Amino acid sequence: EADIYQTPRYLVIGTGKKITLECSQTMGHDKMYWYQQDPGMELHLIHYSYGVNSTEKGDLSSESTVSRIRTEHFPLTLESARPSHTSQYLCASSRKGGVSGTRVAKNIQYFGAGTRLSVL
Amino acid sequence: QKEVEQDPGPLSVPEGAIVSLNCTYSNSAFQYFMWYRQYSRKGPELLMYTYSSGNKEDGRFTAQVDKSSKYISLFIRDSQPSDSATYLCAMSEGSNFGNEKLTFGTGTRLTIIP
């Protein structure tokens with residue numbers, strides 16, 4: 001089982017509240033990712049990071065922001081939650097990899113258990 | 001059109017049956033192919049991965065990649081009730097420069113009936 005942890009597992013919150021979803025990994029992975037998953041839909045990448053002080057927006061536009069101050073920690077923040085933000089949020093990480101022998105390994109992403117967010 | 005197409009199911013089969021799960025894709029640059037298993041209320045866990053075309057076997061699971069047809073499959077032999085989950089295919093172009101973003105299928109929900 002992968003050593004990547006997300007808290008809280010479930011969150012019900014009112015519109016307009018600021019929330020932070022936590023993600024930590026103990027595998028020393030350089031790369032971390034946030035995905036959004038809705039029922040019957042594919043995972044959509046919303047943010048990713050190559051390492052400390054690196055953050056990039058993903059393919060799906062999101063009103064959330066992320067930060068990467070420490071290698072092991074990649075929190076996601078919503079400044080003002082809205083019902084449209086209701087979804088499951090999955091955090092993942094992968095190793096940086098290197099030359100042959102790890103070429104496949106660096107493409108493998110390990111996922112946390114997810115945070116199911118409901119905004120009322 | 002989506003880059004990766006996967007039949008969402010649901011798929012129900014009796015215990016002991018052989019299960020075949022499939023994905024098609026349109027991006028010929030994909031080189032890395034993965035299957036993830038996701039149990040209810042859990043995150044996806046990696047089940048199988050392959051690079052380029054060919055077969056890979058791990059216990060009761062076999063992954064096949066046919067790049068000429070842009071088609072990948074996952075076979076589960078002697079299926080067990082514990083195999084009941086959603087199976088997600090994922091793929092990436094891969095590179096040596098850090099951009100290994102995964103493109104996922106929608107997932108196929110599988111139920112093994114005892």
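For clarity, every value in this text was computed on a predicted model and none was experimentally measured. Proteins get letters first, then strands, A, B, ... in listed order; numbering begins at 1 in each.
Annotation: maximal heavy-atom pairing with chain A below 4.5 Å, among B/Arg109, B/Arg41, B/Glu45, B/Gln6, occurs at B/Arg41. With respect to chain A, the highest number of heavy-atom pairs below 4.5 Å among B/Pro8, B/Pro44, B/Ala90, B/Gly107 belongs to B/Pro44.
A donor-acceptor pair shorter than 3.5 Å cannot be found between the side chains of A/Asp30 and A/Tyr50. Side-chain contact, B/Gln31 with B/Tyr51: a donor N or O sits under 3.5 Å from an acceptor N or O.
Only the side chain of A/Gln88 comes within contact range of chain B, judged by heavy atoms closer than 4.5 Å. The part of A/Gln37 that comes within reach of chain B is its side chain, from C-beta onward, which places non-hydrogen atoms under 4.5 angstrom from that chain. In this structure, the portions of A/Leu43 lying under 4.5 Å from any heavy atom of chain B include both its backbone and its side chain.
Shown here for A/Gln109 and A/Ala92, the closest heavy-atom pair between the two residues is OE1-CB, 4.0 Å.
Listed for the B/Ser92 side chain is no donor-acceptor partner under 3.5 Å among the backbone atoms of B/Tyr32.
At a threshold of 4.0 Å, the pair B/Arg77-B/Glu57 counts as salt-bridged, since one of the basic side-chain nitrogens sits closer than that to a carboxylate oxygen.
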